[in-house]
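Report on one structure; see the data block that follows.
Start at 1 with the first residue, then count along the sequence.
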Amino acid sequence: MPRYKTDKRRDVPPPEGSNKLKKGQTGHAIRRLIPYYKPYWGTMVMDLFCAAMTTVCELVLPLIVRRITNAATGASAEALTARLILTMGGVYIVLRLIDAAASYYMNSIGHIMGTYIETDLRADLFGHLQKLSVSYYNDAKVGVLMSRITNDMFDITEFAHHCPEEFFIAGVKIVGAFAILCTVNVPLTLIVFALLPGMVYCMYRFNRRLKDSFTQRRKHVGELNAQIEDSLLGIHVVKSFAGEDIENAKFAEGNKGYFKIQQVVYRCMGEFQGISRLFDGLMYIITVMVGAFFIIHKQINAADLIAYLLYVTTLFASIRTILQFAEQFYKGITGIDRFAEIMDTDPEIKDKPGAQVMEKAEGEIRFDDVTFVYNGTTAEVIHNLNLTVKKGENLAIVGPSGAGKTTLCSLIPRFYEPTKGRILIDGKDIADYTQRSLRQNVGIVEQDVYLFSGTVRENIAYGRPGATDEEIETAARLADAYDFIMALPNGFDSYVGERGVKLSGGQKQRISIARVFLKNPPILILDEATSSLDNESERQVRQSLSKLAKGRTTLTIAHRLTTVKNADRIIVLTEKGIEEEGTHEELFAKGGLYAEMYKMYAEE
């Protein structure tokens, strides 16, 4: 079996013509999964061969019993002898050894193949999630996405292995039993098999209800996961507001909803199993009654009837397995549908064909008649904005909340695309560059610092993977973070906790600054980088930011206007656009909106 490679299955397009099948249809789901079997086709063929071997073993046993019974009752010319008994027993033991080897392969290598497919699917899904634009995550719930990456993938694994195997075994058993029984007595065989279409039809009707209930359950599990994650991540807020009762009430409501859906699922499963057992009993009693009449009329003998009953048992064991597999089958189908739903979501922002790689940028930025509207809204956040930021200039952007300051800066690394107009860096439209190379030239320090669960060293190294320990420590010194890092229990190898919970706000901010120092981008965006810090932490971080901004084109968004007094230029951005522009002294002397905002902040 080939070892999986994470890049082997990336960017698998939907099968040609797959859009002709509506999502939610079983055919659509299966067609989406088929390409993932290709690297393991040899393993799948061997798995089905082993499945055929185990089926042959089951089909041979009734023939052995029939032959021995005929010999014992004198219904055949062959006498029951020790040689016959030992021969038949030997044949069956050999078949059982083959069956054991085949079962081992199916339950080990076959399952491992399913795990390979799961790994490929998960790699594709995670890779695609990384490609989706920021706007996608504005509406997505992380708990739901986590459920799709974990629970759904496991269900698809079980489906990928068992679905071909179980249906192949059932097909071989039904066809094989029909062919063998026709050699014994055609009328009785036709009577027994005439019940199957009615059974299949009833099962199909119940299966549709079962699938719908599984789909609803899976959706609710994702919502419940999202609610749990939201509550646990906000545990400090919950505790500070004594909101445990509120969270318990919300969880109880979600949990109750899940319970109701589970009730529907199990009622459907009960109906499903009940109808299958009804047909099971009907087939047995009809076989016995009709067979008894055939014995009376000398059309079959007792050995033939025993063989019939054994084959009916074999048939129903197979059908019962399929019915029991129905739950896993529809879990897998639902999982594939949810997988396809994400994979068919196109990134809102894509690289142009032939997009160029941006080398080290000089740093001049120009907004050319830029207008921006968020998806699903009509209000213009930015309207016909024209602005040029010179190479190496420190530009401060101030203004009331909701004026579009953060949005304006988010357009530079192409987190969003302008609705109208264009943005140029060094005179060239940023849409002509690859997103990766563009973002490698832009460093961002935000108010809400995100540190990954890991060590201090790993978080700083995120700025430039592969950096040496010496380079990481140099970046920490430049960010004034070295001393406090070395004071931690394990220095740079200290664990920062979930989202950096073990560090103070100022410490987290300086680690994020060290991360950008290591990245060393020519363009820097500081988005409210000190607004949530106390005075002492702010002073330390401002010193680090001053060193970071030196020699770079810097855009600083700030509410604390004292932090931008030394900016080369300040623009006041409102809903009307850029209302004022100049240095601190020029704007303060003008006595306009900036002066009013500054005085208000100074009084506070």
- Output the distance between atom CG (Asp124) and atom CG (Leu129), rounded to the nearest 0.5 Å. 11.0 Å
- Closest heavy-atom pair, Phe452 versus Asn459, reported as atoms and distance to 0.1 Å, is N-OD1, 2.7 Å
- Would you call Phe339 and Asp152 a side-chain contact if the rule is heavy atoms closer than 4.5 Å? no
- Task: Step through the shown structure and confirm whether more than 12 heavy atoms of other residues, nucleotides or ligands are within 6.0 Å of OH on Tyr104.
- Result: no
- Heavy-atom neighbours of Gln263 CD exceed 12 at 6.0 Å: yes
- Message: What I'd like to find out is whether the side chain of Glu348 reaches to under 4.5 Å of the side chain of Asn375, using heavy atoms alone.
- Response: yes
- Which heavy-atom pair separates Asp351 from Tyr433 by the least distance, and what is that distance? OD1-O, 4.0 Å
- For the residue pair Ile285 and Leu282, what are the closest heavy atoms and their distance? CG2-O, 3.3 Å
- Query: Side chains of Met44 and Met113: does their closest heavy-atom pair fall under 4.5 Å?
  - Reply: yes
- Task: Keeping the roles fixed (side chain from Tyr40, backbone from Gly114), state whether a donor-acceptor pair exists under 3.5 Å.
- Result: no
- Message: Run the side chain to side chain contact (heavy atoms under 4.5 Å, CB included) test on Glu158 and His111 for me, step by step, so that the C-alpha distance in whole Å, both residues' side-chain angles and the decisive distance to 0.1 Å come before the verdict.
- Response: CA-CA 8 Å; Glu158 293 298 298; His111 270 102; 4.1 Å; yes
Listed pairs under 3.5 Å, donor-acceptor, residues 48-55 side chains, sequence neighbours left out:
{"residue": "Thr54", "atom": "OG1", "partner": "Ala51", "partner atom": "O", "Å": "2.7"}
{"residue": "Thr55", "atom": "OG1", "partner": "Ala51", "partner atom": "O", "Å": "2.8"}

- Which atom pair, heavy atoms only, marks the closest approach of Ser437 to Gln356? OG-O, 3.8 Å
- Task: Using a 4.5 Å cut-off on heavy atoms from C-beta on, say whether the side chain of Val134 contacts that of Tyr416.
- Result: yes
With a cut-off of 3.5 Å and sequence neighbours excluded, list every side-chain donor-acceptor pair involving residues 92-100.
{"residue": "Tyr92", "atom": "OH", "partner": "Arg96", "partner atom": "NE", "Å": "2.9"}
{"residue": "Tyr92", "atom": "OH", "partner": "Arg96", "partner atom": "NH2", "Å": "2.8"}
{"residue": "Arg96", "atom": "NH1", "partner": "Asp99", "partner atom": "OD2", "Å": "3.1"}

- Query: Side chain of Asn255, backbone of Phe251: donor and acceptor closer than 3.5 Å?
  - Reply: no
- Message: I'd like to know whether Ile336 forms a side chain to side chain contact (heavy atoms under 4.5 Å, CB included) with Tyr36, so could you lay out the CA-CA distance, the side-chain angles of the two residues, the decisive distance to 0.1 Å, and finally the verdict.
- Response: CA-CA 12 Å; Ile336 297 170; Tyr36 288 89; over 6 Å; no
- Task: Compare all side-chain heavy atoms of Leu121 with those of Leu33 and state whether any distance is below 4.5 angstrom.
- Result: yes
- Would you say the side chain of Arg148 lies within less than 4.5 Å of the side chain of Met153, judging by non-hydrogen atoms? no
- Item | pair Met343-Leu125: side-chain heavy atoms closer than 4.5 Å | yes
- Do Glu253 and Lys250 pass the salt bridge (charged side-chain N to carboxylate O under 4.0 Å, His left out) test, and can you show the C-alpha distance, the side-chain angles, and the key distance before you say yes or no? CA-CA 5 Å; Glu253 183 178 354; Lys250 288 195 296 185; over 6 Å; no
- Message: Taking the basic N atoms (NZ, or NE/NH1/NH2) and the acidic carboxylate oxygens, is any pair closer than 4.0 Å for Arg338 and Glu341?
- Response: no
- Message: If you compare all heavy atoms of Thr150 against all heavy atoms of Arg122, which two are closest, and at what distance to 0.1 Å?
- Response: O-NH2, 3.9 Å
- Can you name the ring pair (Phe, Tyr, Trp, His ring centres under 6.0 Å) partners of Phe167, sequence neighbours left out? Phe329
- Electrostatic pair Arg32:Asp344 at N-O distance under 4.0 angstrom: yes
- Item | Flag, side chain of Glu58 to backbone of Lys173, donor-acceptor distance under 3.5 Å | no
- Message: Under the criterion side chain to side chain contact (heavy atoms under 4.5 Å, CB included), I'd like the reasoning laid out for Phe492 against Ile460: C-alpha separation, chi angles, the key distance, then a yes or no.
- Response: CA-CA 9 Å; Phe492 280 84; Ile460 296 177; 4.1 Å; yes
- To the nearest 0.5 angstrom, please state how far the CD atom of Gln435 sits from the OG atom of Ser133. 6.5 Å
- Item | Exercise: identify the closest heavy-atom pair between Ala177 and Tyr311 | CB-CD2, 4.1 Å
- Take Leu310 and Leu61 through the test side chain to side chain contact (heavy atoms under 4.5 Å, CB included) and record every step on the way to the result. CA-CA 8 Å; Leu310 288 174; Leu61 179 60; 5.6 Å; no
- Message: What I'd like to find out is whether the side chain of Val373 reaches to under 4.5 Å of the side chain of Thr378, using heavy atoms alone.
- Response: no
- His161 side chain to Thr115 backbone, donor-acceptor under 3.5 Å: no
- Test item: Arg439 side-chain N/O and Pro413 main-chain N/O as donor-acceptor pair under 3.5 Å: yes
- Identified side chain to side chain donor-acceptor pair (under 3.5 Å) partner of Lys352 from the options Thr434, Asp429, Asp432: Asp432
- Does a sphere of radius 6.0 Å around OH in Tyr462 hold more than 12 heavy atoms from other residues, nucleotides or ligands, not counting ones at 6.0 Å or beyond? no
